[in-house]
Amino acid sequence: MSLGRRLSTPAVILAIVLSVVLAGLLVWRSARDADAGGAPGAPAASEAPAASEAPSPGASPGEPEESGEPDGEGRPLDGAVVVLDPGHNPDNREHTREIARRVDAGTHRKECDTTGTATGSGYAEASFTLDVARRARTLLEGLGAEVEFTHDGDRPYGPCVDERARAGNEAGADAVVSVHADGSGEGSRGFHVILPARVTEGSADTRRITGPSRRLGEHLVGAFAEATGSEPADYLGGSVAETGLTVRDDLGGLNLSRVPKVFLECGNMRDPREARRLSDPKWRQRAARGIAEGVEAFLLGERDGARSGAGDGA
């Protein structure tokens, strides 16, 4: 036998041994993967598709997730226009001659504006109304509404009552709320909503707005009472104490309006207990929520009525 043939035999044996060892390793790996729950050929854990990421620790609770839709789409008050009218002006007291000028109030002429009332400690109604209106604006904008102000503390005085009415008319507002606080005597407590009377005299014609204004007022009474825990005024007679509503024909801001509008007297600043409430920022936030929720309920109800053909201007 040649030297080459003698050397080939160990090589063949070595090749056979290596083949057996490799086959055994493959069988062992397959068995191990099966025991771990993985299917043969499945990717390793590091190669598996990543699960959805959890919100980052800094995300605000309740913050809406990205939907790929335009911001604000689908909010309940999208397309609605609301005008808020903060009563009086913090600087009116510096312009007493200007605000005493008489202007058209629909059925008569009256002062452009007044200084408003204040608590015993000096917290002015004009400061209160601006604060509550700004809070309500934030809430209403969050619901999708476009919110306009008659003023935002950015004027030296006023605006006058006829300008306030004109602001809502020119905006084509779906609802206008004039925010106030009353200045009755100590011991008089509660809130009330003032509705426009049916007036057709001079430049006033409220026939088309008395019905929707009443509906707006009714929604505001319910929402404001629930949000603040306040009761309707106890000093304006039994009807107001029961319904929270009263009707007036002497307010130029209502007489000259051509869109649904009400005045909300949030409480009595001259009563010490009420004054403490009105001076509390937390309570003012609740008041703003009551306004926003009342306006929202009214606007959604009007939309439903329009769809069903039940809406009217009476």
Side-chain angles (χ1 to χ4, degrees), residues 76-87 103-110 112-113 133 136-137 140 143-151 159-180 192-224 239-240 243-265 290-314:
L77 299 187
D78 280 346
V81 178
V82 178
V83 171
L84 296 178
D85 176 27
V103 299
D104 181 28
T107 59
H108 59 292
R109 296 183 71 81
K110 67 181 300 182
C112 158
D113 203 0
R137 173 174 59 191
L140 286 165
L143 293 169
E146 176 187 339
V147 182
E148 298 186 18
F149 270 29
T150 56
H151 78 98
C160 299
V161 295
D162 56 338
E163 293 178 82
R164 292 174 187 266
R166 191 158 55 247
N169 297 341
E170 292 179 351
D174 298 294
V176 183
V177 179
S178 188
V179 183
H180 286 263
H192 64 284
V193 174
I194 305 173
L195 310 176
R198 188 179 178 89
V199 178
T200 54
E201 180 184 343
S203 56
D205 186 353
T206 62
R207 287 175 294 182
R208 297 189 62 179
I209 70 165
T210 53
S213 295
R214 176 170 287 274
R215 293 192 291 273
L216 171 59
E218 289 169 346
H219 282 296
L220 274 175
V221 167
F224 194 84
S239 175
V240 177
T243 66
L245 302 171
T246 188
V247 178
R248 288 177 59 175
D249 63 4
D250 63 320
L251 297 175
L254 296 179
N255 289 348
L256 297 173
S257 184
R258 301 291 183 265
V259 294
K261 182 174 181 177
V262 299
F263 278 46
L264 171 62
E265 297 281 1
I291 293 171
E293 291 176 353
V295 169
E296 179 188 17
F298 165 71
L299 293 176
L300 294 180
E302 295 299 290
R303 285 182 182 177
D304 289 343
R307 285 194 209 97
S308 65
D312 60 47

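Keep in mind that this is a model prediction, so the values were computed, not measured.
- Taking all atoms of both residues into account, the shortest heavy-atom contact from Glu148 to Ala171 is OE1-CB, 3.6 Å.
- Scanning all heavy atoms of the two residues, the minimum distance from Val161 to Val103 falls at CG2-CG2, 3.7 Å.
- Although no hydrogens or angles enter the test, the distance criterion places a donor-acceptor pair under 3.5 Å between the side chain of Asp174 and the main chain of Val81.
- The two residues Ala175 and Leu216 come nearest to each other via the heavy atoms CB-CD2, 4.2 Å.
- In this structure, CG in Leu195 is found 8.0 Å from CD in Glu218, a value given to the nearest 0.5 Å.
- In this structure, the side chain of Asn169 engages the main chain of Leu256 through a donor-acceptor pair within 3.5 Å.
- In terms of modelled atom types and a separation under 3.5 Å, the side chain of Asn255 and the main chain of Thr206 share no donor-acceptor contact.
- Considering all non-hydrogen atoms of both residues, Pro86 and Thr150 come closest at CD-OG1, 3.5 Å.
- In plain terms, the two heavy atoms of Asp104 and Asp162 that are nearest each other are O-CB, 3.6 Å.
- The CG atom of Leu84 lies 6.0 Å from the CG atom of Leu140; values are rounded to the nearest 0.5 Å.
- Within the 3.5 Å criterion, the main-chain N or O of Lys261 finds a donor-acceptor partner in the side chain of Ser213.
- In this structure, the side chain of His219 does not engage the main chain of Glu296 through any donor-acceptor pair within 3.5 Å.
- The CZ atom of Arg258 sits 10.0 Å away from the CZ atom of Arg207 when rounded to the nearest 0.5 Å.
- From Glu201, atom CD reaches atom CG of Asp249 across 8.5 Å, with rounding to the nearest 0.5 Å.
- Using a 4.0 Å cut-off between charged side-chain N and carboxylate O, Arg164 and Asp113 make a salt bridge.
- Atom CZ of Arg166 and atom OG of Ser257 lie 12.5 Å apart (nearest 0.5 Å).
- Heavy atoms only, all atoms of each residue included: Ala80 and Leu299 are closest at CB-CD1, 3.9 Å.
- If you take OG1 on Thr243 and NE2 on His192, they are separated by 10.5 Å, rounding to the nearest 0.5 Å.
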